[in-house]
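Report on one structure; see the data block that follows.
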Amino acid sequence: MAIYNAPLQDMRFILNEVFNVEEFWQNNAKLEHVDMDTVNMILEEMAKLSKNVLLPLNRDGDEEGATFADGKVTTPTGFKDAYNQYAESGWIGLGGDPNYGGQGFPKMVTMLAEEMIFTTNQSFSLYPNLTVGATLCLLASGSEEQKQMYLEKMYSGEWSGTMCLTEPHCGTDLGIIKTKAVPNDDGSYNITGTKIFITAGEHDLTDNIIHLVLAKTPDAPAGSRGISLFAVPKFLHDEQGNLGERNSVGAGSIEHKMGIKASATCVMNFDNAKGWMIGAENTGLASMFIMMNYERVTMGLQGLGGTELAYQNALAYANDRLQSRSDSGVKSPEKPADALIHHADIRRMLLNAKANSEASRCFAMYVARQLDFAKFSDDKEVAKKANARVALLTPVAKAFLTDKALEATIDCQQVFGGHGYIREWGMEQIVRDTRISQIYEGTNGIQSLDLLGRKVAKNGGVEMQAFITEIREFVANMTAEHAIKDAVLQATDTIEELTKTVMANIAERKDEINGCAVDYLQATGYMCYAYMFAMMVESANGKEGEFYTNKAKLADYFVGRILPKINAHAEMVKTGSQPMMAFDLDYFTPAEA
Ligand SMILES: Cc1cc2nc3c(=O)[nH]c(=O)nc-3n(C[C@H](O)[C@H](O)[C@H](O)COP(=O)(O)OP(=O)(O)OC[C@H]3O[C@@H](n4cnc5c(N)ncnc54)[C@H](O)[C@@H]3O)c2cc1C
């Protein structure tokens, strides 16, 4: 069976030493219930739950998968018990609003808990995760009545939530959705349409499911300005929440997928189902995006989880597996061969994963910290700046973390040779499960367009420049002597120059943003990781113990063996979109069937 020990030391290092979280918590009335002792307890409890309950279900869940019969979805054996345990321990409401039964913990804490469940069971994580997403949406845009009705039941896990956006003909371009919402005299709406790929659209874990559905009212303006959001319960209920008759919404089937097989991905049919509008008419997409800013960082954690599990298992294998003699001399003469771990190329793959794991954890926490400033700070200026930083970096956190995660899981799979390709060792499952994180919640291509188009080009690169200034100021104040200092400064120069180049080119070439966005995001991601390593090196500087000295060594590895990739992406951005657009459309004519 796969092994996992939560990286609690690294988590505590990032919380306490890199970001000094207690200072913010203690100086903020809204977070006075949060202290390090409680947080340590939370982390330790989640470490146990994820290792002892969720990890053992991961492989069997993949083998058995979610199943569908007669409109009902059954989750794999053991999922219901695990869900009950998870819900009863209060994990779903950990970050929820205390006014409605949540525990009010900041994102920097919930994020670490989420990392652990994503690491040990990506499929399972999605059930509570979609509910958390739906609660954020309700909290941001719902009426007081809706909040009172839904939030407590969702935080407790009694009811769950979904996000119903995608339709057969559209996923990215939600402006062209067809689902209709026709008003009734009693203030409700009749919702009709088909949504596809709906995670946890139907399952056997909760008594009720609240679907948050994007739909168009009869006279809605065309495009994304005419989308409204509705709460559509699986079972109708009275004002006390007592369940009544079944609403006319149900699963038509579930998808057979490459990975996350234990997560039910449903086709949902709405046939004049009763729904209630959330927020004002035609503001549905905006409500959804408030929530998504929060959740996209969480998707990055799915990538981090895949990396961490793959790394821990590849590391164990590399120590056990004997193959060939080490180039620098025999290491285990009593054995027929030396362990894989002695080979530099094996170490390369492991260190790629390890560097990704530590940098992405730190970066996710950096973004979580900004989210916490935005949500909890009493200082309006601090909150405003944090919001702008979150907007800039959310697409990077989602796309870069998941892109690098897939590479890391493949590196770790490679450590196993042929044994990584067969099912027995579990590595192929990690690769399959992690792959989806690049696709849903807005594909990574779309995240890149968001970064370069909306977050950089639209405001003349002002926010990116502010971020670069922050990084340079940090480096100027560093006391550690380490190669990361120059490396991170060079990375900021690269991004500054690239931003100017793209801004100049887009004036002349209409396809430039579309053609450059992915490489621009990748280059930005490497700069962000460099900044994270600089912060970690500075926090480790002068401290005794292998944990700290190894931080500096891993930063060396990052500078020498990973960061140079920024230059390749920079060159591709400079080349621009012209090589793609140079072809006549005829060149892309598909072969006849
Ligand atoms: C397992 C799974 C679970 C999911 N869960 C949910 C869920 O719970 N709720 C929900 O609503 N949806 C869910 N989805 C849907 C998911 O969010 C969409 O699949 C995704 O957003 C992409 O939409 P699409 O599949 O329609 O692809 P399309 O929008 O058709 O895109 C196809 C390709 O074109 C690219 N593209 C599109 N427009 C542009 C452009 N302007 N410029 C450049 N490239 C472009 C995209 O990046 C992509 O690579 C899930 C999907 C899967 C597979």
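All residue numbers refer to positions in the sequence shown, counting from 1. Read the numbers this way: they start at 1 and go in the same order the structure lists the ligands and their atoms.
Between E497 and K500 there is no salt bridge, since none of the side-chain N atoms of the basic residue sits less than 4.0 Å from a carboxylate O of the acidic one. Salt-bridge check for E202 with K234: passed, with a basic side-chain N closer than 4.0 Å to an acidic carboxylate O. Remark: R423 engages D62 in a salt bridge, criterion side-chain N to carboxylate O under 4.0 Å. Ion pairing between a basic and an acidic side chain is recognised when a charged N comes within 4.0 Å of a carboxylate O; K72 and D204 show no such pairing. Ion pairing between R389 and E463 holds under the 4.0 Å rule for side-chain N and carboxylate O.
Looking only at side-chain heavy atoms (C-beta outward), F270 and C164 come within less than 4.5 Å of each other.
The closest heavy-atom contact to atom 48 (C) of ligand 1, among the options T265, I196, T443, comes from T443.
In terms of N/O distances under 3.5 Å, ligand 1 is not approached by C164. Of the N or O atoms in T199, one or more lie within a sub-3.5 Å distance of an N or O in ligand 1. In terms of N/O distances under 3.5 Å, ligand 1 is not approached by K257. For the pair L130 and ligand 1, the shortest N or O to N or O distance does not fall below 3.5 Å. The shortest N or O to N or O distance between M163 and ligand 1 is below 3.5 Å. Of the polar atoms of F197, at least one N or O is found under 3.5 Å from an N or O of ligand 1, judged by distance alone.
The protein heavy atom nearest to atom 20 (C) of ligand 1 is I439 O, 3.8 Å. Of all protein heavy atoms, the one lying nearest to atom 24 (P) of ligand 1 is G171 CA, 3.9 Å. In terms of protein heavy-atom proximity, atom 28 (P) of ligand 1 is nearest to T172 OG1, 3.6 Å. For atom 42 (N) of ligand 1, the closest non-hydrogen atom of the protein is N514 ND2, 3.2 Å. In terms of protein heavy-atom proximity, atom 10 (C) of ligand 1 is nearest to T166 OG1, 3.3 Å. Ranking the protein heavy atoms by distance from atom 45 (C) of ligand 1 puts I446 CD1, 3.9 Å first.
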### Residue pair Y100, Y155: steps toward the ring pair (Phe, Tyr, Trp, His ring centres under 6.0 Å) verdict
CA-CA 8 Å; Y100 305 97; Y155 289 151; 7.7 Å; no
### Message
Would T298 and K107 count as a side-chain contact (heavy atoms from CB on, under 4.5 Å) here? Give the steps.
### Response
CA-CA 10 Å; T298 302; K107 187 74 178 166; 2.9 Å; yes
### Working for side-chain contact (heavy atoms from CB on, under 4.5 Å), residues T206 and Y83
CA-CA 9 Å; T206 58; Y83 179 84; 3.3 Å; yes
### Task
Would you check, one step at a time, whether the test side-chain contact (heavy atoms from CB on, under 4.5 Å) holds for D207 with K153?
CA-CA 10 Å; D207 295 342; K153 286 191 167 359; over 6 Å; no
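Taking the six-membered ring for Trp and thresholds of 30 and 60 degrees, W159 and H237 have ring planes inclined between 30 and 60 degrees apart. The aromatic rings of F124 and Y86 sit perpendicular, their planes meeting at an angle over 60°, well past the 30° parallel limit.
Note that atom 34 (O) of ligand 1 has no protein non-hydrogen atoms nearby, at separations under 4.0 angstrom. Under the 4.0 Å distance rule, the nearest protein heavy atom to atom 39 (C) of ligand 1 falls inside the cut-off. Per-atom contact check: atom 30 (O) of ligand 1 does not touch the protein, criterion being a heavy-atom distance below 4.0 Å. The protein reaches atom 7 (C) of ligand 1 closely, with a heavy atom under 4.0 angstrom from it.
When non-hydrogen atoms are compared, ligand 1 lies under 4.0 Å from neither the backbone nor the side chain of T162. Contact annotation: for I436 versus ligand 1, heavy atoms closer than 4.0 Å belong to the side chain alone. Residue L449 touches ligand 1 through its side chain alone, judged by heavy-atom distances below 4.0 Å.
Those atoms of ligand 1 that come under 4.0 Å of a heavy atom in E441, given as number and element, are 17 (O).
F68 and V73 make their closest contact through CD1-CG2, 3.9 Å (heavy atoms, listed as atom of the first residue, atom of the second, distance).
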